[in-house]
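What you see below is based on every heavy atom in this structure, not just the backbone, and it leaves out hydrogens, waters and symmetry mates. Numbers restart at 1 for each chain; the letters A, B, ... are given by sequence-line order, proteins then strands. Here the structure is a predicted model, which means the values were calculated and not measured.
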Amino acid sequence: MLTTRPRGTSDILPGEVEKWQYLEQVIHRLCREYGYSEIRTPIFEHTELFERGVGETTDIVQKEMYTFLDRGGRSITLRPEGTAAVVRAYLENKLYAGPQPVKLYYTGPMFRYDRPQAGRYRQFNQFGVEVLGSHDPALDAEVIAMAMDFYGRLGLKNLNLLINSVGCPRCRPVLREKLQDFFRARVDRLCSHCRGRLERNPLRILDCKEERCREAGKDAPTSLDYLCPDCEAHFQAVLKQLEKLGVAFTVDRSLVRGLDYYTNTAFEITVQGIGAQNSIGGGGRYNGLVKECGGPDIPGIGFALGLERVLLTMEQQGIVIPRPPKLDVFLATADEAARDRALVLVQRLRQEGLAVDMDYLGRSLKSQMKYAGKLGVGLVVILGSDELERGVVTLRDMSAGSQREIPLDRLAGEVRQHGLKHVSGEGKYGS
RNA sequence: GUGGAUGUAGCUCAGUUGGUUAGAGCACCAGGUUGUGGCCCUGGGGGUCGUGGGUUCGAGUCCCAUCUUCCACCCCA
């Protein structure tokens, strides 16, 4: 298949790619303001990193990883998420030896072998942050508020922030046992999936979408009933901080995240209207992950947001993304002599910092004007031998439909001035 | 991994009970006389009818397989 892309991937073409550039711009600014530094880790890692880090029993590891042997016989996996790699890089580069905490962010493609559907692709992009080295509940609140701030800056509305605490290695076994006792007594009311979960990961039963399981789990003990005093205090502190920040949330005692490394705070942001996959981001604390990866006992917290789903939501909510005009000016030529000089003039303008283009198809002047019109260029320079001899050019304002002659050496200045007047630009991404 | 729907020009679609050179609108390119756009008019280029088999004298139209996309399940972003 020479002319078809692999399933679940996409080409981001001109017209669409500007939206991504916009998102990235918002991300970089946001992260700078919150004191986060960008980190870029490899697209692929040793398979064991994800097996250990994400968790052997998770769906991601069991059925969704792009894993292959490289030519040296090493098992390699295209990253299915960002946290494990960031933790690896933190350890490998001994970032724990520097000032703490370490606040990092990343954007980039992730890979999961899933059946594609609305808002779900095999290669998709995430924006995520990770903070390593602090237990402070203020940081939990900051990370959550930062995610909400990101959505807010994009203009997204009607988001639901769900939050829960899944406890720590001290209190989780208690809950696990209580849950197993509870559900063993009503195994017959569970779906086949949940019967399996009963032994492996009873917490997940609370998260099941099956009506019968929800019904069966209605009065089940939840993490909040069994949190140890420390975890309970931490959770309450996070909620208090969120309230102080004015971040609205809903405590959802059934919220359980899909990755094994979460401890304490777990949260998820959902939105309606983009299909069955309504989660546009989530995260939580992972106090045991660094140690699990072979490092010191250092706590961490972070989030990851799906950028495709963010764009889907923006589209669904009718949000238009500002788009800078493509070209400042187009150079049209009227005859052979002018055409001969065109590239030199265009290049000179470019070196003065202007976005300029010209015709490369030997078009008639009329045809060049049509072309410039279709590009939506605000200004067109018309150059003919007549103008060349007198050292002037004709500068046409396309939206006004007026034109005038100006000396060639004032061209760049004139174009720049026109650009300032039309700084906002009419270009918007329609939905 | 499971189930359902879909696939004709770049895009949106038409295509009669299977029958001769597969159409439209939009888009693209070029013209509509002397150096000029957005409207209009004329002309032009462009289709392995998703792909591979099969039935038939003959298939875009029927059958099978396969792939893609979409929707849902599982799960997640």
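- Remark: A:A400 pairs with A:D397, A:S402 by the side chain to side chain contact (heavy atoms under 4.5 Å, CB included) rule, at least two apart or across chains.
- Among the atoms of the strands shown, only primed sugar atoms or phosphate atoms (P, OP1, OP2) are found under 4.0 Å from some heavy atom of A:S367.
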Report all side-chain donor-acceptor pairs from residues 374-385 of chain A shorter than 3.5 Å, counting only partners two or more places apart or in another chain.
from	atom 1	to	atom 2	distance (Å)
A:S385	OG	A:D335	OD2	2.7

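- The salt bridge (charged side-chain N to carboxylate O under 4.0 Å, His left out) test applied to A:K370 returns no partner, not counting sequence neighbours.
- Contacts of A:R120 classified as salt bridge (charged side-chain N to carboxylate O under 4.0 Å, His left out), with partners at least two apart in sequence or in another chain: A:D114.
- Distance from the side chain of A:Q403 is smallest to B:U36 among B:G1, B:C74, B:U36.
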At a cut-off of 3.5 Å, list every protein nitrogen or oxygen paired with a nitrogen or oxygen from nucleotides 45-48 of chain B, distance to 0.1 Å.
none

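- Looking at residues two or more places apart in sequence or on another chain, you find a salt bridge (charged side-chain N to carboxylate O under 4.0 Å, His left out) between A:R285 and A:D140.
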Please step through ring-ring contact (aromatic ring centres under 6.0 Å, His included) for the pair A:F330 and A:Y371, ending with a clear verdict.
CA-CA 10 Å; A:F330 184 84; A:Y371 179 63; 5.6 Å; yes

Could I get a table of every N or O pair under 3.5 Å where one atom is in the protein and the other is in nucleotides 37-43 of chain B?
from	atom 1	to	atom 2	distance (Å)
B:G37	N7	A:R396	NE	3.4
B:G37	N7	A:R396	NH2	2.8
B:G37	O6	A:R396	NH2	3.0
B:G37	O6	A:M398	O	2.9
B:G37	N1	A:M398	O	2.4

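- By the salt bridge (charged side-chain N to carboxylate O under 4.0 Å, His left out) test, A:E24 pairs with no residue at all, sequence neighbours left out.
- Here salt bridge (Lys or Arg N to Asp or Glu O under 4.0 Å) pairs that include residues 150-168 of chain A, with residues two or more places apart or in two chains, are A:E33-A:R153, A:D149-A:R153.
- Here B:A77 is the nucleotide among B:G4, B:U36, B:A77 with the atom lying nearest to any side-chain atom of A:F124.
- Residues of residues 380-390 of chain A having a heavy atom closer than 4.0 Å to RNA chain B, listed by number: A:I382, A:D386, A:E387.
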Do any N or O atoms of the protein come closer than 3.5 Å to N or O atoms of nucleotides 5-10 of chain B, and which pairs are they?
none

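- Picking from B:U69, B:A72, B:U36 the nucleotide with the shortest atom distance to the side chain of A:R5 gives B:U69.
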Return one dot-bracket line describing RNA chain B 5' to 3' (Watson-Crick or G-U wobble pairs, both distances under 3.5 Å; ( ) same strand, [ ] crossing, | another strand, . none).
(((((.(..((((.....[...)))).(((((.......))))).....(((((..]....)))))).)))))....

